[in-house]
Amino acid sequence: LAAKLSIWSVRQFGATSQVDPQSLGLIKQTVMMIDSLQAEDKDGLNLSHWLAYEDRASGEIVVPMRRWSGDYRKFRGVEYTIDVARP
């Protein structure tokens with residue numbers, strides 16, 4: 001059984017990794033940061049309203065989300081694509 005992809009965010013960063021189907025733990029070598037606090041995020045950062053889906057044509061994982069200021073007064077939408085290697 002192949003490892004499954006997991007995507008998560010904890011307010012100031014978003015990451016992805018594969019999950020080991022036996023232990024149900026993250027596979028450390030596959031952890032990849034998607035987004036995190038940047039120098040221009042002077043008011044802080046909250047990542048929210050995200051989802052993930054597979055683009056059937058390309059096979060990529062698409063992750064649209066909102067980058068909110070720390071005080072939730074402004075946001076900008078972003079979209080990340082994750083290339084998934086196929087055997």
Side-chain angles (χ1 to χ4, degrees):
L1 185 62
K4 301 292 183 198
L5 183 69
S6 171
I7 300 175
W8 72 96
S9 73
V10 183
R11 293 199 184 248
Q12 295 188 352
F13 74 89
T16 183
S17 72
Q18 289 181 323
V19 177
D20 182 304
Q22 297 299 318
S23 69
L24 301 180
L26 301 180
I27 300 172
K28 187 175 183 176
Q29 303 89 315
T30 67
V31 175
M32 178 181 67
M33 188 69 64
I34 297 174
D35 196 348
S36 65
L37 192 65
Q38 302 295 312
E40 66 268 14
D41 298 320
K42 297 183 185 348
D43 297 327
L45 173 66
N46 288 291
L47 300 173
S48 67
H49 298 85
W50 63 272
L51 59 95
Y53 63 90
E54 179 182 9
D55 180 312
R56 291 183 182 177
S58 69
E60 296 172 326
I61 303 298
V62 180
V63 185
M65 69 172 70
R66 290 184 176 174
R67 297 185 96 250
W68 287 89
S69 60
D71 60 5
Y72 284 101
R73 291 180 185 242
K74 56 188 172 196
F75 74 89
R76 68 182 172 93
V78 293
E79 183 174 277
Y80 299 99
T81 56
I82 303 166
D83 188 28
V84 178
R86 304 286 179 184

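Just so it is clear, the structure is predicted and the values come from calculations on it, not from any experiment.
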- Item | Straight-line distance of Arg67 CZ to Leu47 CG, nearest 0.5 Å | 6.0 Å
- Residue pair Arg76 / Val78: nearest heavy atoms and the distance that separates them: NH1-CG1, 3.2 Å
- Task: Give the minimum heavy-atom separation between Gln18 and Thr30, together with the two atoms involved.
- Result: N-OG1, 2.8 Å
- Item | Check: Glu60 main-chain N/O paired with Thr81 side-chain donor or acceptor under 3.5 Å | no
- Using the test side-chain contact (heavy atoms from CB on, under 4.5 Å), find all partners of Asp43 that sit at least two apart in sequence or belong to another chain. Ser69, Lys74
- Item | Test side-chain contact (heavy atoms from CB on, under 4.5 Å) applied to Gln29 - qualifying residues, sequence neighbours left out | Ile27
- Distance-minimising heavy-atom pair for Ala52 and Ile61: CB-CG2, 4.1 Å
- Query: How far does CZ of Phe75 sit from OG of Ser48, to the nearest 0.5 angstrom?
  - Reply: 9.0 Å
- Query: What distance do Asp35 atom CG and Thr16 atom OG1 have between them, rounded to the nearest 0.5 Å?
  - Reply: 13.0 Å
- Query: Can you name the residues that form a salt bridge (charged side-chain N to carboxylate O under 4.0 Å, His left out) with Asp83, not counting sequence neighbours?
  - Reply: none
- Could you tell me which residues satisfy salt bridge (charged side-chain N to carboxylate O under 4.0 Å, His left out) with Arg56, sequence neighbours excluded, listed by chain and number? none
- Locate the shortest heavy-atom distance separating Leu26 from Ser17; write the atom from each residue and the value. CD2-OG, 3.0 Å
